[in-house]
Amino acid sequence: MLISAPIRAPTWISRRRLLEEKLSDLHKWTNLKHVKQVHAQIYKANLFQDLYVAPKLISAFSLCHQMVLAVSVFNQIQEPNVHLYNTLIRAHVHNSQPSQAFATFFQMLSDGVSPDNFTYPFLVKACSGESWFPMVQMVHAHVEKFGFFSDIFVPNSLIDSYSKCGFVGVNAARKLFMVMGERDIVSWNSMIGGLVKAGVVGEARKLFDEMPERDAVSWNTILDGYVKAEEMKMAFELFEKMPERNVVSWSTMVLGYCKVGDMDMARMLFDKMPVKNLVTWTIIISGYAKKGLTKEAIGLYDRMEKAGLKSDDGAVISILAACAESGLLGLGEKVHASINRTKFKCSTLVSNALVDMYAKCGSLDKAYSVFNGMARRDVVSWNAMLQGLGMHGHGEEALQLFSRMKQDGFVPDKVTFIGVLCACTHAGFVEEGRQYFYAMERDYRIVPEVEHYGCMIDLLGRGGHLKEAFRLVRSMPMEPNAIIWGTLLGACRMHNAVDLAGEVVDHLVKLEPSDPGNFSLLSNIYAAAGDWDSVSKLRLQMRRTGIQKPSGASSIEVNDEVHEFTVLDKSHPRSDKIYQMINRLVQDLKEVGYVPKAYQ
DNA sequence: ATAGGGTTAG
């Protein structure tokens, strides 16, 4: 009878040990089904209060983006320790829930648990973006009060987070960097990275030259600085000088040449680089797509898939955004098909990119079908759909979508209103547009920015309310930019307001003195008013200043190839046949009553 | 600590 007790104990211990062994890497699991299974086992074994098991389970749920489950695990623990709090804070940060991370931090303080060296870096990571600057400052103040600067990891992460808070942040990072008693290579790299993000390469370079020692990251960071500034000559010089070049260095160079539009150079480096990864492929495919080179982009996309590389969300979003920018429906559909092949559901971010791509490419049906099938929409999904409808002339439908959005409980943001005003413009709803413009500040507390004024001025101008449009420009709280004046100029041309146009052009030439589009717009206005004297003066001025207006080109995608053509284009080998066809079409049109508009 | 990433007026 005495033996029965000792026998029971080992069973329990061995079960725990078994579980422990099984759970040693639980915090790295990414398969939700497996995590849920083990969660159930932990419950059965009554181990959910275990301070060894619980943090691992929270981490696993966090990796699977199951924050509700992660929090519920946390709430089971009666007396959480620092480690558990840190784990939950990190989980919130990982799932882009900075406010929850801070809520956990405050709960930790009110529970009387002291933060440690690990708490602050996690917390600091939670504050990124302009609005979080005060939060970084707050964490900074806490750290100074409790003296956690002993661990260099803490000030380093403060520098990194400050750098992500815009211009003010970089100043704060600089200050902190200056007073740091001890700096390691990460402190230097973070500071240089911050300056690069703020766009001050010169200062970054000075610091780079001052560094006591440099590693691959230092070199890549400064290289990225030149690439961001589009100074490819400097970048190339540095690239040649680097002691060692890794994938990141090569990819940064390829990105740089894509940015300045030099696809030959980009491709040469891409072909030459010894190791390529998913990011590299994404960069070059997006580069080709942005330039409208469908054939190359599709070819490389196929090659990438054949090489066995699987796109992640980042790759897909990046390529889809490039397709949206230049209207490559073909490649966009291909990417969509390969997503469907590999995934049952896609994330909100990916779906948004798909909606935007289809909408911008004019495939509104497909945009709708992705939009309607989304499990979780956010404000961006609605904005993309709304903008797509407005852009293609479905003003009424766009405004209906806007009310549906509000019914569904989504709060419109400043981008929503750009879509709404734009939809009003394309549908000619002047009065509705005015109402929305005033409602936006009054009911939604969204202060109109220069973009909103731009929409409004376009709406009024097109509607023939030129005087009102001018009044609005003068009453704007900010300086009107070239787009504002350009919008007004377009309206003047539309309504043959020659005298008003002269005033507009004075402003425009000051802001964009070398933009040929402005001159040709003005020239058209004079021509429409029959003022040929002014037209010839303008032409003379253009010739003197060496401004040449590139002719506007249209493009069409046929068999995955983009064809570009201009007015009076004779470059095609079968030009004769093409013009024969056009003439026949014009003839047919005239027969049904079409009167062509001649500009000359 | 370094490379790609959704919505923004003519």
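So that the names make sense, note that chain A is the first sequence line, chain B the second, and so on, each numbered from 1.
Scanning atom types as modelled, one donor and one acceptor separated by under 3.5 angstrom connect the side chain of A:D312 and the base of B:dG4. For a distance-only test at 3.5 Å, the side chain of A:N220 fails to qualify as a donor-acceptor partner of the base of B:dA1.
Residue A:D313 places its side chain closer to B:dG5 than to any other of B:dG5, B:dA1, B:dG10. For A:D215, the side-chain atoms get nearest to B:dA1 when compared with the rest of B:dT7, B:dA1, B:dA3. Closest approach to the A:L278 side chain among B:dA3, B:dT7, B:dG4 is made by B:dG4 (side chain taken as heavy atoms from C-beta onward). Distance from the side chain of A:L255 is smallest for B:dA3 among the nucleotides B:dA9, B:dA3, B:dG6. Proximity note for A:N277 (side chain, C-beta onward) versus B:dG10, B:dG5, B:dA3: the nearest is B:dA3. Closest approach to the A:K290 side chain among B:dT2, B:dG5, B:dA3 is made by B:dG5 (side chain taken as heavy atoms from C-beta onward). Of the listed nucleotides (B:dA1, B:dA9, B:dA3), B:dA9 has the atom at the smallest distance from the side chain of A:N481. When distances are taken from the side chain of A:V248 to each of B:dG5, B:dA3, B:dA9, the shortest belongs to B:dA3. Among the nucleotides B:dG6, B:dG4, B:dT8, the one closest to the side chain of A:D378 is B:dG6. Counting only heavy atoms from C-beta on, A:I483 has its side chain closest to B:dG10 among B:dT7, B:dG10, B:dT2.
Nucleotide B:dG5 holds its C1' atom 7 Å from the CG atom of A:L349, rounded to whole Å. A:L466 has its CG atom 17 Å from the P atom of B:dG10, to the nearest Å. In this structure, CG of A:L354 is placed 12 Å from P of B:dT7, rounded to the nearest angstrom. B:dT2 atom C1' lies 12 Å from atom CD1 of A:I283, rounded to whole Å. Rounded to an integer number of Å, the gap from A:L460 CG to B:dA9 P is 18 Å. Between the P atom of B:dA9 and the CD1 atom of A:I446 lies a distance of 16 Å, rounded to the nearest Å. Atom CG in A:L223 sits about 9 Å away from atom C1' in B:dA3, given to the nearest Å. Note: CG (A:N352) to C1' (B:dG5) measures 12 Å, nearest angstrom.
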**OP:** Before giving the answer on side-chain contact (heavy atoms from CB on, under 4.5 Å), spell out for A:Y444 and A:F417 the whole-Å C-alpha distance, their side-chain angles and the decisive distance to 0.1 Å.
**Re:** CA-CA 10 Å; A:Y444 298 93; A:F417 278 99; 3.6 Å; yes

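No donor-acceptor pair under 3.5 Å is formed between the side chain of A:S318 and the backbone N or O of A:G314.
Residue contacts for A:T282: at a heavy-atom cut-off of 4.0 Å it reaches a base atom on one of the strands shown. Among the protein residues, A:S318 comes within range of the sugar-phosphate backbone only, with heavy atoms under 4.0 Å from sugar or phosphate atoms but none that close to a base. Residue contacts shown for A:T221 are limited to sugar-phosphate atoms, with no base heavy atom under 4.0 Å away. Within 4.0 Å of A:N156, counting heavy atoms only, lies no atom of the nucleic acid at all. At the heavy-atom level, A:V450 lies under 4.0 Å from base atoms of the strands shown. Using a 4.0 Å heavy-atom cutoff across all strands shown, A:K360 reaches sugar-phosphate atoms only and no base atom. Note on A:R462: only backbone sugar-phosphate atoms sit closer than 4.0 angstrom, heavy atoms only; bases stay farther off. Residue-level contact check: A:N246 touches neither bases nor backbone, having no heavy atom under 4.0 Å from any strand.
Looking only at atom types and distance, the side chain of A:Y226 has a donor-acceptor partner in the side chain of A:R205 under 3.5 Å away. Side-chain contact of A:D458 with A:T487: a donor-acceptor pair under 3.5 Å is absent, judged by distance alone.
Between A:W219 and A:F208, the distance separating the two ring centers is shorter than 6.0 angstrom.
No side-chain heavy atom of A:I283 sits under 4.5 Å from any side-chain heavy atom of A:T252. Using a 4.5 Å heavy-atom cutoff, the side chains of A:M253 and A:R245 are not in contact. Side-chain contact between A:M304 and A:S311 is present, with heavy atoms from C-beta onward closer than 4.5 Å.
OP1 and OP2 of B:dA1 both lie 4.0 Å or more from every side-chain N or O belonging to A:K164.
Applying ring pair (Phe, Tyr, Trp, His ring centres under 6.0 Å) to A:F270 and the options A:Y257, A:W250, A:W281 leaves one that passes, A:W281.
Using a 4.0 Å cutoff on non-hydrogen atoms, the parts of residues 413-422 of chain A near DNA chain B are A:V415, A:I418, ordered by number.
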